[in-house]
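To keep things clear, I will list the structure first and then write my remarks on it.
Below, all heavy atoms of this structure are taken into account, side chains as well, without hydrogens, waters or symmetry copies. Chain A is the first sequence line, chain B the second, and so forth, proteins listed ahead of strands; every chain is numbered from 1. Source: prediction; values computed, not measured.
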2 protein chains.
Amino acid sequence: MIDRTVPGPVRILLADDHALVRRGVRLILDGEPDLEVVAEAGDGAEALALAREHRPDLAVLDVAMPRMTGLQAARELSAALPGLRLLMLTMYDNEQYFFEALKAGASGYVLKSVADRDLVEACRSAMRGEPFLYPGAVTALIRHYLDRARQGDGVPEKILTAREEEILKLVAEGHSSKEIAATLVISVKTVERHRANMLHKLGMRDRLELTRYAIRVGLIEP
Amino acid sequence: MIDRTVPGPVRILLADDHALVRRGVRLILDGEPDLEVVAEAGDGAEALALAREHRPDLAVLDVAMPRMTGLQAARELSAALPGLRLLMLTMYDNEQYFFEALKAGASGYVLKSVADRDLVEACRSAMRGEPFLYPGAVTALIRHYLDRARQGDGVPEKILTAREEEILKLVAEGHSSKEIAATLVISVKTVERHRANMLHKLGMRDRLELTRYAIRVGLIEP
DNA sequence: CCGGAGATGGGTGGCACCACCCATGTACGG
DNA sequence: CCGTACATGGGTGGTGCCACCCATCTCCGG
């Protein structure tokens with residue numbers, strides 16, 4: 001554990017599939033004396049590898065990345081490097097994914113559209129162990145709390161399981177049940193079973209609606 | 001017209017809905033002595049207004065922006081400010097889109113994923129009146145040229161007809177052929193005919209791909 | 001230790017989608 | 001005035017999606 005009483009700069013791992021965004025984030029963060037980007041990853045898998053290598057203090061992760069999403073990466077990183085702080089960076093102000101991010105162990109959630117204003121502060125908050133919530137997230141949090149208080153029931157519950165999300169991603173990318181079954185080495189019926197469960201859970205009618213949902217929540221790009 | 005024989009820095013209008021991307025692009029461009037960002041817009045409409053106000057030499061436009069897409073903005077800007085150079089910035093390496101950009105009057109097309117490397121060079125190419133094409137675009141261009149050379153016909157022209165676009169919108173919103181037929185007061189077969197024509201034109205396989213296409217080009221929201 | 005949740009797999013049937021085939025009418029430009 | 005593009009409509013057949021039904025196995029928590 002790094003001795004935070006005599007702090008050097010916070011060592012940051014940056015993961016985003018767009019070099020341009022990485023460049024912007026790096027310039028913003030490296031402009032601060034107490035923050036330093038030590039590694040850049042272009043996808044979730046690379047982030048995981050680089051985190052193991054560089055042991056950063058903080059990981060700033062894009063939610064939507066190829067191969068492994070930022071949320072999956074966050075879960076893996078949490079498990080692999082327990083002391084690591086996590087900050088999610090996203091294009092979409094989506095309530096569901098905001099809660100997923102918190103559950104995946106993220107300390108904060110910053111919208112790309114306002115990131116130039118909030119990002120540095122979010123990093124510092126994360127390192128102090130405090131959550132950082134952009135204003136829209138606070139609104140979502142309050143609305144969600146009120147909703148549950150009104151209905152009187154329990155925790156937000158994860159809408160989709162990890163396996164379902166995996167299959168949703170493939171469905172939304174346009175793969176047929178047969179293709180997905182081949183990819184995951186399971187039967188077509190199981191793929192259809194998962195897809196049917198998702199349709200039921202989300203109150204949707206077909207894979208087209210699932211696709212738009214996946215795009216909305218940032219699981220895939222159009 | 002500015003006198004390019006005694007050039008000051010190229011005055012650039014930057015339009016992207018993500019402040020973070022704008023920040024990155026601005027830092028990259030302002031780091032060059034011959035380039036200067038004079039205005040930033042968060043969407044296409046704002047870009048149009050700022051272009052009228054600042055009369056920049058070059059506009060760097062994100063393809064996907066809220067309210068008015070970069071392509072729409074490019075067309076409007078071309079019409080409003082004939083001398084203006086245009087450079088499109090995009091997340092998607094999509095052939096169709098790339099040709100739309102060229103048709104909208106863009107001098108170049110740069111992928112965000114490689115923009116930190118290519119962007120400055122693309123700006124200078126645009127100001128010299130030369131096209132800038134990232135390698136993938138060159139490949140697409142050659143393939144397209146060969147396709148047309150083989151078939152012996154002319155310019156790409158408008159991809160979809162007005163009626164097709166109308167039907168695409170409904171398809172992408174998730175309506176079935178029967179519903180669309182009822183809405184437009186035509187037969188189911190005609191709807192299917194139009195849809196099949198679109199699939200053929202765009203080289204796609206099913207309505208799911210059509211949906212993503214519609215989202216990409218800003219015809220509908222996810 | 002048992003119940004629930006999750007992942008796995010199978011069968012049947014209806015319907016939408018999609019790829020082929022065919023045709024007619026209109027409008028516009030060479 | 002004729003060809004081409006566009007919109008219209010019909011038929012046939014294959015395949016995938018989706019809604020139902022059924023089951024087994026594992027894992028975790030009460």
Helical bend (five base pairs per end, nearest 10°) for the helix from C/dC1-D/dG30 to C/dG30-D/dC1:
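Taking five pairs per end, the axes differ by 40°.
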Taking only N and O in the side chain of A/H200, is any of them less than 4.0 Å away from OP1 or OP2 of D/dA19?
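So the side chain of A/H200 is outside the cut-off, no N or O lying under 4.0 Å from OP1 or OP2 of D/dA19.
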Taking only N and O in the side chain of B/S187, is any of them less than 4.0 Å away from OP1 or OP2 of D/dT8?
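So the side-chain polar atoms of B/S187 never come under 4.0 Å of the phosphate oxygens OP1 or OP2 of D/dT8.
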Atom pair distance, as rounded to whole Å: CZ in B/R207 and P in D/dG16
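Interatomic distance, CZ of B/R207 to P of D/dG16: 15 Å.
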Quickly work out the B/E166 CD to D/dT8 P distance and round it to whole Å.
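It is 9 Å, rounded to the nearest whole Å.
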Which nucleotide in the list [options] gets nearest to the side chain of [X]?
X      : options               : result
B/E164 : D/dG9, D/dC17, D/dA7  : D/dA7
B/A196 : C/dA19, D/dC18, D/dT8 : C/dA19
A/R193 : D/dC18, C/dT8, D/dT8  : C/dT8

Please determine which of B/H194, B/R195, B/K189 meets the side chain to side chain donor-acceptor pair (under 3.5 Å) test together with B/S177.
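One option only clears the test, and that one is B/R195.
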Among residues 170-177 of chain B, which residues get a heavy atom nearer than 4.0 Å to DNA chain D?
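Residues of residues 170-177 of chain B under 4.0 Å from DNA chain D: none.
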Select base, sugar-phosphate, or nothing to describe what A/N197 touches, counting heavy atoms under 4.0 Å on all strands.
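No contact.
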Between B/K169 and B/E173, does any side-chain N to carboxylate O distance fall below 4.0 Å?
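Yes, this pair counts.
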Indicate, yes or no, whether a donor-acceptor pair under 3.5 Å links the base of D/dG16 to the side chain of A/K178.
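No, no donor-acceptor pair under 3.5 Å.
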